[in-house]
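Worksheet for the structure shown next.
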Amino acid sequence: MTDSLTVRDNRTGSEYDLPITNGAIKGADLGKIKTSEDEPGLAVYDPGFVNTASCRSAVTFIDGEKGILEYRGYPIEQLAEKSNFLEVAYLLIHGDLPTKEQYDTWQHEITYHTFVHENVKSFMEGFRYDAHPMGMLMASVGALSTFYPDAGQIQDPKNRHMQIIRMIAKMPTLGAWSFRHAQGKPFIYPDNDLSYTANFLSMLFKMSERRYDADPRLVKALDILFILHADHEQNCSTNAVRSVGSSQVDPYSAVSAGVGALYGPLHGGANEAVLRMLRRIGSVENIPDFIKGVKDGNERLMGFGHRVYKNHDPRATIIKKACDDVFEVTGVNPLLAIAKELEKIALEDDYFISRKLYPNVDFYSGLIYEAFQFPPEMFTVLFAIGRTPGWLAQWDELVQDKEQRIARPKQVYTGQRQLTFVPASERWA
Ligand code: CMC
């Protein structure tokens with residue numbers, strides 16, 4: 001068997017042999033297929049990059065048909081059950097699990113970079129009282145580049161490591177302060193005696209008590225949610241981080257672009273949309289009408305469907321289980337009954353079965369977040385904190401990848417050409 005693809009261009013009768021490596025041909029090889037030397041070569045038209053690989057990556061493996069998700073080769077189910085978010089972050093960034101000594105150093109480094117410059121606090125206070133926390137997070141992560149101008153030295157591995165530590169450490173601080181701002185509550189400084197996730201909860205909810213000790217079951221559940229969100233190969237926001245990072249800008253600017261992409265309702269904003277949808281449905285009796293609206297194309301069943309998973313989203317299964325642990329502490333969210341019934345009906349309906357639409361990670365995560373007393377605007381912020389190690393692992397890989405070039409997709413031009421410009425004074429006369 002030869003690892004190549006033979007293509008016959010029926011326009012010219014010419015044949016081309018295109019090498020196949022790792023199950024892919026190079027787009028540039030297609031560019032050699034031309035009708036004449038002065039014509040542009042053949043291009044692939046692929047909106048949304050549905051079947052276009054933009055990189056080689058060793059970070060995350062997904063088999064959407066089988067519902068498999070692995071970080072650096074480790075199944076997500078095992079990591080969610082037996083690891084913790086900081087260890088998973090180490091794994092994603094370094095490619096291997098840490099030794100005890102490596103883990104202790106990593107934990108120490110992250111813990112001692114949780115504080116931000118006081119000026120960050122001042123400018124965050126300057127946002128409007130009702131600013132969306134995700135907008136605040138996006139702006140403040142980007143602004144960190146002005147506090148660390150050396151972050152532009154992306155070819156220096158030590159420097160990259162420093163920025164990676166800083167960003168993983170500071171995201172919970174920025175996220176928590178975005179939350180407190182909307183509530184008119186004072187910003188709470190990090191408590192370095194607490195774990196990563198417990199400290200985050202403290203910065204969110206602490207008031208006058210000396211130390212905020214969240215229920216360990218809630219800390220564990222949120223830690224699992226962070227693990228589930230930590231990476232997801234070339235999703236929209238990671239692609240944004242890579243695309244912006246390919247210009248060799250500093251990682252704060254690149255991650256800020258990722259936060260922007262995650263903000264959108266088709267990506268990280270979906271769990272917020274799920275809750276709004278469940279609230280709009282209001283009661284189990286209204287579900288058939290809602291499903292009809294979806295099938296008629298008037299609605300989307302938010303939290304269902306995925307570009308990659310066409311069988312089940314393994315993260316959704318783990319989250320559904322975590323729901324029970326959280327509700328044991330907080331009491332059951334009344335929207336759960338609507339969600340479960342909606343899922344049951346959709347999974348039996350041919351519209352969803354034939355399109356391979358199953359619950360995704362966002363279908364249940366919003367319900368858990370609400371049980372934590374987070375307003376829906378905070379959901380994407382939580383997603384962003386979890387996704388930060390993934391973005392950075394992918395960015396670090398990109399920077400070291402000799403095959404990468406500045407991201408610059410082709411277009412298929414469909415507009416007019418060579419018109420003659422008539423000045424406004426003549427056109428409007
Ligand atoms: N409700 C109703 N119909 C749907 C849905 C949905 N949630 N998702 C897809 N479809 C239909 C779609 O209308 C199309 O039907 P037809 O073939 O008749 O035109 C078919 O299924 C294929 O959908 P698509 O839009 O071409 O699929 P996509 O891969 O471009 O979109 C998606 C993937 C996740 C954007 C989409 O399924 C969606 O909008 N889901 C709801 C939003 C959501 O839950 N997003 C969170 C994704 S998981 C978090 C993450 O990893 O980012």
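It should be emphasised that the depicted structure is a prediction, and the values quoted were computed from it without experimental measurement. Hydrogens, waters and symmetry mates play no part in the numbers below; they use all other heavy atoms, side chains included. All ligand and atom numbering here is 1-based and tracks the order in the structure. Here, residue 1 is the first one in the sequence, and each next residue gets the next number.
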Is there any protein N/O under 3.5 Å from an N/O of ligand 1, and what does the full list of such pairs look like?
from, atom 1, to, atom 2, distance (Å)
ligand 1, 1 (N), Leu301, N, 3.0
ligand 1, 3 (N), Tyr351, OH, 3.1
ligand 1, 7 (N), Leu301, O, 2.7
ligand 1, 7 (N), Phe304, O, 3.0
ligand 1, 13 (O), Arg300, NH2, 3.0
ligand 1, 15 (O), Arg355, NE, 3.2
ligand 1, 18 (O), Arg355, NE, 3.1
ligand 1, 18 (O), Arg355, NH2, 3.1
ligand 1, 25 (O), Arg300, NH2, 3.3
ligand 1, 29 (O), Arg307, NE, 2.7
ligand 1, 30 (O), Arg307, NH2, 2.9
ligand 1, 39 (O), Arg300, NH1, 2.6
ligand 1, 40 (N), Phe304, O, 3.0
ligand 1, 44 (O), Gly303, N, 2.8
ligand 1, 44 (O), Asn360, ND2, 2.9
ligand 1, 45 (N), Leu266, O, 3.3
ligand 1, 51 (O), His306, NE2, 3.2
ligand 1, 52 (O), His267, ND1, 2.6

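Using a cutoff of 4.0 Å between basic side-chain nitrogens and carboxylate oxygens, Lys321 and Glu81 are not scored as salt-bridged. Remark: Arg217 does not engage Asp325 in a salt bridge, criterion side-chain N to carboxylate O under 4.0 Å.
Pairs passing the side chain to side chain donor-acceptor pair (under 3.5 Å) check and including a residue from residues 383-394, sequence neighbours excluded, read Asp231-Gln394, Gln234-Gln394, Asn235-Arg387, Ser237-Trp391, Arg242-Gln394.
For Ser365, the side-chain hydrogen bond (donor to acceptor under 3.5 Å, both in side chains) test picks out Asn271, with sequence neighbours left out. With sequence neighbours excluded, no residue forms a side-chain hydrogen bond (donor to acceptor under 3.5 Å, both in side chains) with Lys34.
Side-chain contact between Asp362 and Met302 is absent, with no heavy atoms from C-beta onward closer than 4.5 Å.
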